[in-house]
Amino acid sequence: MRICLLYASMSGNTEDMAIIIKKELEKEGIEVVMEEMDGYELEKLTDFTGIILGSYTWGDGDLPYEVEEFEEELVHVDLSRIPAAVFGSGDRNYPSYCEAVHIFEETLKKAGAVLVCSGLKNEFEPKNEEEIEACRHFAQQFSIALKERV
């Protein structure tokens, strides 16, 4: 099994989450191709067994400018029945906390992907054992769902 883990990270918080998720998936025997979302060739997504997207939320519930085009074009890729999941970082001081997670979940569904676990949200970087464990658990849930579908 080979999955694509794409992320957008300005301050490193979402990238830190991505690294934890990647390591946990690799422990489960899953090959993980991890890259930044900005500039990624969308047609490559159909070559994978599963897709995980991670993004921080900018301002009051917006996608980061560097992934807006990716998200707009993603809906036009046929991801029929491909298992997918979304994670992200945010700041609870804003009313639309981690809204990028919801935006990407909706876009993946419109593209035909199947969300196989709940979106993971974290305030800033995973800084304590509970938050690190939440990232590991997210990866484990994705792994179980992926293996059930293959």
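No hydrogens, no waters, no symmetry mates; every other heavy atom, side chains included, goes into these values. What you see is a predicted model, and the numbers here were worked out from it, not measured in a lab.
More than 12 heavy atoms of other residues, nucleotides or ligands shown are found within 6.0 angstrom of CZ on Phe124. Within 6.0 Å of the CD atom in Glu68, the count of heavy atoms belonging to other residues, nucleotides or ligands exceeds 12.
Closest approach of Ser55 and Val67 over heavy atoms only: OG-CG2, 4.3 Å. Glu24 and Ala139 get closest at one heavy-atom pair: CB-CB, 3.6 Å. Closest of all the heavy-atom pairs between Asp60 and Ser96 is OD1-N, 3.5 Å. In plain terms, the two heavy atoms of Ser143 and Leu25 that are nearest each other are CB-CD2, 4.1 Å. Residues Glu66 and Ala8 come closest through the heavy atom pair OE2-CB, 4.4 Å. Across all non-hydrogen atoms, the minimal contact from Glu99 to Thr57 is N-OG1, 3.1 Å.
Atom CD of Glu71 is separated from atom CD of Glu106 by 10.5 Å, given to the nearest 0.5 angstrom. Taken to the nearest 0.5 Å, the OG atom of Ser11 stands 8.5 Å off from the CG atom of Asp16. If you take CD on Glu15 and CD1 on Ile20, they are separated by 11.5 Å, rounding to the nearest 0.5 Å. Rounding to the nearest 0.5 angstrom, the gap separating the CZ atom in Phe142 from the OG atom in Ser118 is 13.5 Å. Here the CD1 atom belonging to Ile3 is positioned 6.5 Å from the CD1 atom belonging to Ile30, to the nearest 0.5 angstrom. One finds the CG atom of Leu45 at 8.5 Å from the CD atom of Glu43 (value rounded to the nearest 0.5 Å).
The shortest distance between side-chain heavy atoms of Pro83 and Ile51 does not fall below 4.5 Å. For the pair Phe70/Leu42, a side-chain contact is recorded, criterion being any heavy-atom separation below 4.5 Å from C-beta on. Taking the side chain as every heavy atom from C-beta outward, Leu5 and Ile21 approach each other to under 4.5 Å. Side-chain contact between Tyr7 and Ile52 is absent, with no heavy-atom pair separated by less than 4.5 Å. Counting only heavy atoms from C-beta outward, the side chains of Val101 and Leu120 never approach each other to under 4.5 Å. Annotation: side chain of Cys98 is not in contact with side chain of Ser89 (no heavy-atom distance under 4.5 Å). Side chains of Thr107 and Leu53 form no contact here, defined as non-hydrogen atoms less than 4.5 Å apart. When side chains are defined from C-beta on, Asp91 counts as touching Glu123, because their heavy atoms get closer than 4.5 Å.
Salt bridge status for Lys23 with Glu26: absent, with no side-chain N to carboxylate O gap under 4.0 Å. At a threshold of 4.0 Å, the pair Glu129-Arg136 counts as salt-bridged, since one of the basic side-chain nitrogens sits closer than that to a carboxylate oxygen. Using a cutoff of 4.0 Å between basic side-chain nitrogens and carboxylate oxygens, Glu131 and Lys127 are scored as salt-bridged.
With no hydrogens or angles considered, no side-chain donor-acceptor pair links His76 and Lys110 at under 3.5 Å.
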For this session: Decide side chain to side chain contact (heavy atoms under 4.5 Å, CB included) for Leu74 and Leu108; before the verdict, give the C-alpha distance in whole Å, the side-chain angles of both, and the deciding distance to 0.1 Å.
Result: CA-CA 7 Å; Leu74 181 61; Leu108 282 166; 4.1 Å; yes
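Phe104 and Met34 fall into different hydrophobic clusters, where Ile, Leu, Val, Met, Phe, Trp and Tyr residues are linked whenever their side-chain heavy atoms come under 4.5 Å apart, directly or through other members. Cluster membership for Phe48 and Leu115, using ILVMFWY side-chain heavy atoms within less than 4.5 angstrom, is shared.
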